[in-house]
Amino acid sequence: MAAEPGSSVAVQRLMSQSAEMAARGLIGWTLLVDGVGGVIVETEAYDAGDPASHSFGGPTKRNAAMFGPVGHAYVYRIYGLHWCLNAVVDAASAGSAVLIRALAPTQGIEIMSARRRGLPLRDLCAGPGRLCEALGVAGALDGASLSEPPFSLIPPASDPPVICGVRIGITKGAETPWRFGLSGSPFLSRKF
DNA sequence: GTTCCGATGTACT
DNA sequence: GTACATCGGAACG
């Protein structure tokens, strides 16, 4: 077998699960865009029945990708100026996604630092808007497959220690503990 | 360390 | 008009 084709199968298997399971399972994977990125250390789950989810209330022009194929990206603008990257998950219930909230930078750190105006390593990808700026993710990638260029997703060698807590920055469904993080990582957007 | 605030696209009342 | 899955900078302690 050549280098990467197997990972597409692994991505599909991971992302066919419920949003909660997929969000937990994504911790420790390496996410790259054009070879630049790092290890996913923080995620949040949003499913179709969740009042905090953009898909709650059905498809719109903005959230169309959430109702598209599993394993593709949902990229949207937040507060009019930042981008946020999600992975579309859960084939059994359309409209579910996992928000990628933070990475530990490993690949292309100089490129990310330049895009982030020389900010310290800890601040390059510690937040959903920050990691999109560092990786060059923008609206043009909405709906693109996460297992084809420019994206690549690489599984971890072993299951990392995962902690969970309540999600950040929402008002509806705020008590649901669907935020997941790599235990002890210094690159989380906030402490748990 | 903390709190406050402005930037502004998209969905919704 | 208001709310929002955010960020960075200013002001303050």
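Small disclaimer: the values here were computed from a predicted structure and weren't measured. Letters A, B, ... mirror the listed sequences (proteins, then strands); counts begin at 1.
Two residues are said to be in side-chain contact when any heavy atoms from C-beta on lie closer than 4.5 Å; A:Arg179 and A:Ser189 meet this criterion. Using a 4.5 Å cut-off on side-chain heavy atoms (C-beta onward), A:Leu141 and A:Leu85 make no contact. Under the 4.5 Å side-chain criterion, counting only non-hydrogen atoms from C-beta, A:Pro156 is not in contact with A:Val39. Within the 4.5 Å cutoff, the side chain of A:Cys125 has no heavy atoms near those of the A:Arg130 side chain. A:Leu26 has its side chain out of reach of A:Leu31: every pair of non-hydrogen atoms, C-beta onward, lies at least 4.5 Å apart.
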(request) Any chance you could encode DNA chain C as dot-bracket? Rule is Watson-Crick or G-U wobble with both distances under 3.5 Å; [ ] for pairs crossing earlier ones, | for another strand. (result) ||||.|||||||.
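Atom name P, nucleotides B:dC5 and C:dT2: the rounded distance is 16 Å, in whole Å. Rounded to whole Å, the P atom of B:dT2 lies 23 Å from the corresponding atom of C:dA5.
One finds the CZ atom of A:Arg190 at 9.0 Å from the CD atom of A:Glu42 (value rounded to the nearest 0.5 Å). In this structure, CZ on A:Arg77 lies 11.0 Å from SG on A:Cys84, to the nearest 0.5 angstrom.
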Close N or O pairs between protein and nucleotides 9-13 of chain B (under 3.5 Å):
unit_1, atom_1, unit_2, atom_2, d
B:dA11, OP1, A:Thr60, OG1, 3.4
B:dA11, OP1, A:Arg62, N, 2.6

What's touching nucleotides 10-13 of chain C from the protein side, N or O pairs under 3.5 Å?
none

Listing, residues 111-120 of chain A side-chain donor-acceptor contacts under 3.5 Å, not counting sequence neighbours, or none:
unit_1, atom_1, unit_2, atom_2, d
A:Arg115, NH1, A:Ala134, O, 2.8
A:Arg115, NH1, A:Leu135, O, 3.4
A:Arg116, NE, A:Asp123, O, 3.4
A:Arg116, NE, A:Leu124, O, 3.1
A:Arg116, NH1, A:Glu133, OE1, 2.7
A:Arg116, NH2, A:Asp123, O, 2.8
A:Arg117, NH1, A:Glu133, OE2, 3.0

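Tracing side-chain contacts under 4.5 Å through hydrophobic residues (I, L, V, M, F, W, Y), one never reaches A:Met66 starting from A:Val70; they form parts of separate clusters.
As a whole-Å value, the separation of A:Arg101 CZ from C:dT6 C1' is 9 Å. Atom CZ in A:Arg116 sits about 8 Å away from atom C1' in C:dC7, given to the nearest Å. Put simply, CG on A:Leu131 is 13 Å from C1' on C:dC7, counting in whole angstrom units. Rounded to whole angstrom, the span from the CD atom of A:Glu44 across to the C1' atom of C:dT6 amounts to 12 Å. Atom CZ of A:Arg190 is separated from atom P of C:dA5 by 13 Å (rounded to the nearest Å). Here the P atom of nucleotide C:dG9 and the CZ atom of A:Arg130 are 10 Å apart, to the nearest Å. One can place CG of A:Leu124 at 10 Å from P of C:dG8, the figure rounded to the nearest angstrom. To the nearest angstrom, P of C:dC4 lies 18 Å from CG of A:Asn86.
Nucleic acid contact for A:Leu119: sugar-phosphate only, since backbone atoms but no base atoms lie under 4.0 Å from a heavy atom of the residue. Residue contacts for A:Arg179: at a heavy-atom cut-off of 4.0 Å it reaches no nucleic acid atom on any strand shown.
Look at A:Ser189 and you won't find any side-chain N or O under 4.0 angstrom from OP1 or OP2 of C:dT6.
When the salt bridge (Lys or Arg N to Asp or Glu O under 4.0 Å) test is applied to A:Asp90, no partner is found at least two apart in sequence or on another chain. Partners of A:Phe67 under the ring-ring contact (aromatic ring centres under 6.0 Å, His included) rule, at least two apart in sequence or in another chain, do not exist in this structure.
When each of A:Tyr74, A:Tyr46, A:Tyr76 is paired with A:His54, the side-chain hydrogen bond (donor to acceptor under 3.5 Å, both in side chains) condition holds for A:Tyr74 and for no other.
When each of C:dT6, C:dG8, C:dA5 is scored by its nearest atom to the side-chain atoms of A:His82, the top-ranked nucleotide is C:dT6.
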